[in-house]
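First the proteins, then the strands, lettered A, B, ... as listed; each starts at 1.
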Amino acid sequence: MFKITLPDGSSREVAPGTTPANIAAAIGPGLAKAALAARVNGEVRDIMRPFDGDSDLALITARDEADALELARHDFAHVLAEAVQNLFPGTQITFGPATDDGFYYDFAPKERPFTDEDLPAIEEEMRRVIARDEPLVREVWSRDEVRAFFEKQGEAFKAEWVMELPADETITMYRSGGWMDLCRGPHLASTGKLDPQAFKLTRVSGAYWRGDQKNAMLSRIYGTGWLNKKQLDAHLTRMEEAAKRDHRRIGQEMDLFHLQQEAHGSVFWHPNGFVMWRQLEAYMRRKLDAAGYEEIKTPQLMDVKLWEASGHWGKFRENMFVVPDEVPGTDPDKPVLTGTGDLMALKPMNCPAHVQVFKQGITSYRDLPLRLAEFGTCHRNEPHGALHGIMRVRQFTQDDAHIFCTQEQLVAETKAFCELLDSVYRDLGFADYSVKLALRPQQRVGTEEQWDSAEEGLREALRQTGLMDPRYNFEELPGEGAFYGPKLEFHLTDAIGRTWQCGTLQLDPLMPERLDASYIGEDGSKHRPLMLHRAILGTFERFLGILIEHHAGRFPLWLAPVQAVVATIVSDADPYANEVLETLRKAGIRAEADLRNEKINYKVREHSLAKVPNLLVLGKREAEERTVALRPLGTDARQEVLSLDDLVERLKTEMLAPDLR
RNA sequence: GCCGGGUUAGCUCAGCUGGUAGAGCAACUGAUUUGUAAUCAGUAGGUCGUCCGUUCGAGUCGGACACUCGGCACCA
């Protein structure tokens with residue numbers, strides 16, 4: 001007999017062969033119906049899988065949403081696979097897990113990859129599979145049985161996969177009617193537990209077998225899956241809302257920037273967008289000045305010799321733009337370039353140039369730490385498939401800086417950086433961020449002692465800054481560091497819960513060595529400084545993209561491209577409106593006037609859709625009384641009538657950048 | 001780079017099986033002087049991504065290339 005203990009502490013004795021489903025039935029028919037799976041000794045298991053000893057049991061129902069969703073999504077993936085094999089005989093199955101909002105399954109198609117047009121038919125077939133309500137039965141097989149089975153079925157990928165499972169793993173197959181898949185489980189008791197209206201196939205894509213570019217390209221089908229239709233609809237609505245925040249869409253609607261074919265991967269900033277850039281840059285410059293950084297500007301084009309010395313030519317060349325130092329030929333019958341000039345390269349990073357600045361003259365230990373900052377524009381030849389709006393581009397500007405310091409200064413410098421980063425993120429509305437420490441990778445340089453002290457130095461700084469507090473979701477990532485040193489990563493969370501890695505601090509003892517940077521120590525002899533690569537925003541392009549999506553275009557006043565629009569009701573107010581406009585502009589407020597012969601309704605609608613933060617309405621009354629009716633964005637009909645002086649004072653205060661308040 | 005979509009007016013999109021392009025919004029002109037999310041009427045606007053091919057004839061069919069979108073891989 002096994003002793004089964006329930007969450008309320010009660011227990012009961014059951015015979016071997018008893019399943020959680022039996023217990024649920026014994027407790028009551030309601031629970032028997034609601035129970036989807038079981039948590040046995042902490043592990044989620046099939047509800048029909050017999051106990052294998054004394055157990056703690058908690059039955060999982062739809063109320064245990066995270067567990068229930070995970071199970072349902074995993075089942076949807078199986079149903080998808082079965083449906084595809086029904087419709088497309090000869091398609092091989094490979095791998096299909098649950099994801100954050102649904103599931104996918106990778107197939108090796110027999111004839112052609114799947115397209116969006118295949119999805120409706122597959123969805124229908126999935127509903128038929130669900131309607132058949134086949135039990136999902138767990139069976140333990142031997143490795144050789146599984147291999148033989150799949151080889152017979154022509155399932156080469158599954159047959160390959162089973163041979164690579166760890167030797168001690170229990171190999172399980174799941175049977176659903178006549179269909180079988182190699183799967184660890186757990187699953188719901190039958191396909192009929194799924195709500196046929198709670199899923200939607202969303203897209204197709206290619207995906208490499210086992211995630212490796214060298215392997216075959218499989219055809220992946222993605223779906224989103226939920227417990228019921230209401231949840232699915234809510235998710236689809238969220239997706240639509242997220243699409244409305246897309247920076248590419250808002251960039252066009254608000255006339256912030258554009259991209260075009262002839263300069264793909266580089267951004268044309270329009271006046272509206274560049275206003276934001278200038279505000280952000282000016283803000284960062286003030287923060288860096290105050291934090292003891294010195295700003296520099298270094299060359300775009302440098303001789304390949306320097307990139308050879310820094311190591312980029314060896315490790316990063318495929319991502320670099322190389323330019324021959326040669327006068328282009330003008331003879332139409334001859335090639336423009338002969339290829340005889342020395343090679344130069346556009347900088348993909350700023351660090352080697354910063355070391356050159358450090359190396360000018362003799363640096364004493366008294367000069368350290370030396371913090372060299374640059375709003376450095378870099379070019380990287382990114383894979384074309386990676387480009388995305390202004391978030392992933394080929395020309396970008398970093399808020400870059402390199403701190404040259406001694407080993408003893410490491411903790412203090414890291415701590416100071418974390419504090420600066422924290423205050424910037426708070427200022428910019430990203431109080432919610434997480435911190436990760438990437439530790440020594442397999443392939444690395446330096447001694448174990450150097451790594452010990454580097455990693456522990458960063459840990460100590462985090463401890464002192466309080467960033468190991470659980471609210472920063474601190475975690476260490478073993479093996480993820482750069483080959484030359486450990487790395488801090490800062491991931492911020494935006495208004496709709498997505499995370500973006502922006503800030504970084506990388507400890508690099510190698511670059512000063514390679515480029516022969518040294519300082520004279522207290523002992524009168526030469527020493528290698530430590531070098532810290534660090535950025536807070538990452539790049540202006542990407543960070544502005546994040547700000548656009550975070551605020552959905554409704555920017556805080558200090559960033560808003562147009563801060564106020566003066567809109568007239570009658571043309572009699574035009575002269576006064578021009579006067580108001582001029583007063584605002586003289587006060588440094590970014591204002592426009594809308595004197596068009598349109599109704600105020602029309603103007604309110606248009607400027608509201610344009611996300612102008614303040615609408616200043618002027619009619620006959622305001623013109624006579626020399627007042628302004630202020631209608632801030634999003635306040636509907638509520639407005640406030642102010643004197644012109646009061647309005648200017650108010651806007652001037654409200655538009656201060658966060659660090660100036 | 002890889003897989004699958006897409007590229008038609010400033011924007012969003014329609015254009016069936018090949019017969020020299022169409023809507024809404026925006027723009028422009030006129031009327032209207034209006035009080036808080038679309039006043040009415042009219043006008044103009046496109047070598048259909050580029051190149052090559054098939055055809056009497058190509059936005060439409062075929063090929064190549066470019067860009068772009070969704071993923072995969074990449075993000076030192």
Would you call Ile122(A) and Val84(A) a side-chain contact if the rule is heavy atoms closer than 4.5 Å?
yes
Checking base pairs now: Watson-Crick or wobble, both atom distances under 3.5 Å. What partners rG35(B)?
none
How is Pro383(A) classified with respect to the nucleic acid when contacts are heavy atoms under 4.0 Å: base, sugar-phosphate, or nothing?
base
rC74(B) C1' sits how many Å from Met217(A) CE, rounded?
12 Å
To the nearest angstrom, how far is Asn319(A) atom CG from rG1(B) atom P?
13 Å
Mind checking the C1' distance from rG19(B) to rA23(B)? Whole angstroms is fine.
22 Å
Can you spot which of Lys244(A), Arg249(A), Arg248(A) makes a salt bridge (Lys or Arg N to Asp or Glu O under 4.0 Å) with Asp246(A)?
Arg248(A)
Using atom P in both nucleotides, what's the gap between rU60(B) and rC16(B) to the nearest angstrom?
11 Å
I want to verify a distance call: between rG71(B), rC75(B), rG4(B), whose nearest atom is closest to the Arg203(A) side chain?
rG71(B)
Can you figure out which of rA37(B), rG4(B), rG71(B) approaches the side chain of Pro113(A) most closely?
rG4(B)
Tyr104(A) near the nucleic acid: base, sugar-phosphate alone, or nothing, with a heavy-atom cut-off under 4.0 Å?
nothing
Answer for the Watson-Crick or wobble partner of rC72(B), both distances under 3.5 Å, is rG1(B)
Kindly say whether, by distance alone, the side chain of Tyr208(A) makes a donor-acceptor pair under 3.5 Å with the base of rG1(B)?
yes
So for atom CD, which belongs to Gln260(A), do other residues, nucleotides or ligands contribute more than 12 heavy atoms lying within a distance under 6.0 Å?
yes
Need the pair for rU12(B). Rule: Watson-Crick or G-U wobble, both distances under 3.5 Å, any strand; none if unpaired.
rA23(B)
Mind calculating the distance between NZ (Lys315(A)) and P (rC74(B)) to the nearest angstrom?
17 Å
Using the P atom as the reference point in each nucleotide, state the distance between rG49(B) and rU8(B) in Å, no decimals.
6 Å
Are Phe257(A) and Phe274(A) near enough that their ring centres are under 6.0 Å apart?
no
I'd like a table of atom pairs between the protein and nucleotides 26-28 of chain B - only N or O on both sides, under 3.5 Å - with the distance next to each one.
from    : atom 1 : to        : atom 2 : distance (Å)
rA26(B) : OP1    : Tyr602(A) : OH     : 3.2

Nucleotide nearest Thr115(A) (side chain, heavy atoms from C-beta), chosen from rG5(B), rU36(B), rU39(B)
rG5(B)
Walk me through whether Arg394(A) and Glu382(A) qualify under salt bridge (charged side-chain N to carboxylate O under 4.0 Å, His left out).
CA-CA 6 Å; Arg394(A) 305 207 298 177; Glu382(A) 301 282 3; over 6 Å; no
Could you tell me how far apart Asp594(A) (CG) and rG35(B) (C1') are, to the nearest whole angstrom?
15 Å
Please measure how far the P atom in rA73(B) lies from the corresponding atom in rC2(B), and state the result in whole Å.
16 Å
Between rC65(B) and rG6(B), how far apart are the two C1' atoms, rounded to whole Å?
16 Å
For the C1' atoms, the ones on rU54(B) and on rG62(B), what distance do you get once it is rounded to whole angstrom?
7 Å
Kindly state whether the ring of Phe107(A) and the ring of Phe114(A) have centres lying under 6.0 angstrom apart.
yes
Does the ring of Tyr222(A) carry Arg203(A) above it, NZ/CZ under 6.0 angstrom from centre and within 45° of its axis?
yes
Which is true for Leu609(A) with a 4.0 Å heavy-atom rule: it touches a base, it touches only sugar-phosphate, or it touches nothing?
base
Checking all strands, does Lys599(A) fall into the base, sugar-phosphate, or nothing category for heavy-atom contacts under 4.0 angstrom?
base
Using atom CG of Asn381(A) as one end and atom C1' of rC74(B) as the other, report the distance to the nearest whole Å.
13 Å
Roughly how many Å apart are rA44(B) and rC28(B), using the C1' atom of each and rounding to a whole number?
7 Å
Whole angstroms only, please: what is the CZ-C1' distance between Arg392(A) and rA73(B)?
10 Å
What does rG42(B) pair with, Watson-Crick or G-U, if both distances are under 3.5 Å?
rC28(B)
When you get a sec, tell me which of rG1(B), rU36(B), rG70(B) is the closest nucleotide to the side chain of His388(A)?
rG70(B)
Side chains of His491(A) and Ser434(A) only: does a donor on one sit below 3.5 Å from an acceptor on the other?
no
Using a heavy-atom cut-off of 4.0 Å across all strands, would you classify Glu598(A) as base, sugar-phosphate, or nothing?
base
Have Gln398(A) and Glu541(A) got a donor and an acceptor in their side chains that come within less than 3.5 Å?
no
Of the options rC72(B), rC74(B), rA37(B), whose atoms approach the side-chain atoms of Ala386(A) most closely?
rC74(B)
Taking any heavy-atom pair under 4.0 Å as a contact, classify Ile569(A): base, sugar-phosphate, or nothing.
base
Below the 4.0 Å mark, does rA37(B) have OP1 or OP2 next to a side-chain nitrogen or oxygen of Asn601(A)?
yes
I'd like to know whether the aromatic ring centres of Phe95(A) and Tyr104(A) sit less than 6.0 Å apart in this structure.
no
Please state the P separation for the pair rA9(B) and rG46(B) - nearest whole angstrom.
11 Å
I'd like a list of close polar pairs between nucleotides 61-68 of chain B and the protein, N/O only, cut-off under 3.5 Å.
from    : atom 1 : to        : atom 2 : distance (Å)
rA66(B) : O2'    : Gln261(A) : NE2    : 3.2
rC67(B) : OP1    : His264(A) : ND1    : 3.3
rC67(B) : OP1    : His264(A) : NE2    : 2.9

Using 30° and 60° as the class limits, which term best fits the ring planes of His74(A) and His78(A): parallel, tilted or perpendicular?
perpendicular
Whether the side chain of Glu622(A) and the base of rG35(B) hold a donor-acceptor pair under 3.5 Å is what I'd like checked.
yes
Rounded to the nearest angstrom, tell me the gap between atom CD in Gln252(A) and atom P in rC13(B).
10 Å
Nearest nucleotide by nearest heavy atom, which residue falls closer to the 5' end of RNA chain B, Gln213(A) or Leu618(A)?
Leu618(A)
Taking the six-membered ring for Trp, is the centroid-to-centroid distance between His550(A) and Phe430(A) below 6.0 Å?
yes
Pick base, sugar-phosphate or nothing for Lys603(A), based on heavy-atom distances below 4.0 Å to the nucleic acid.
nothing
Between Phe199(A) and Trp226(A), is the ring centre distance below 6.0 Å?
no
Between P on rG35(B) and CD1 on Ile600(A), what's the gap in Å once rounded to a whole number?
9 Å
Under a 3.5 Å limit on both distances, the Watson-Crick or wobble mate of rC51(B) is rG63(B)
Nearest-nucleotide wise, let me know which of Asp246(A) and Lys620(A) is further upstream toward the 5' end of RNA chain B.
Lys620(A)
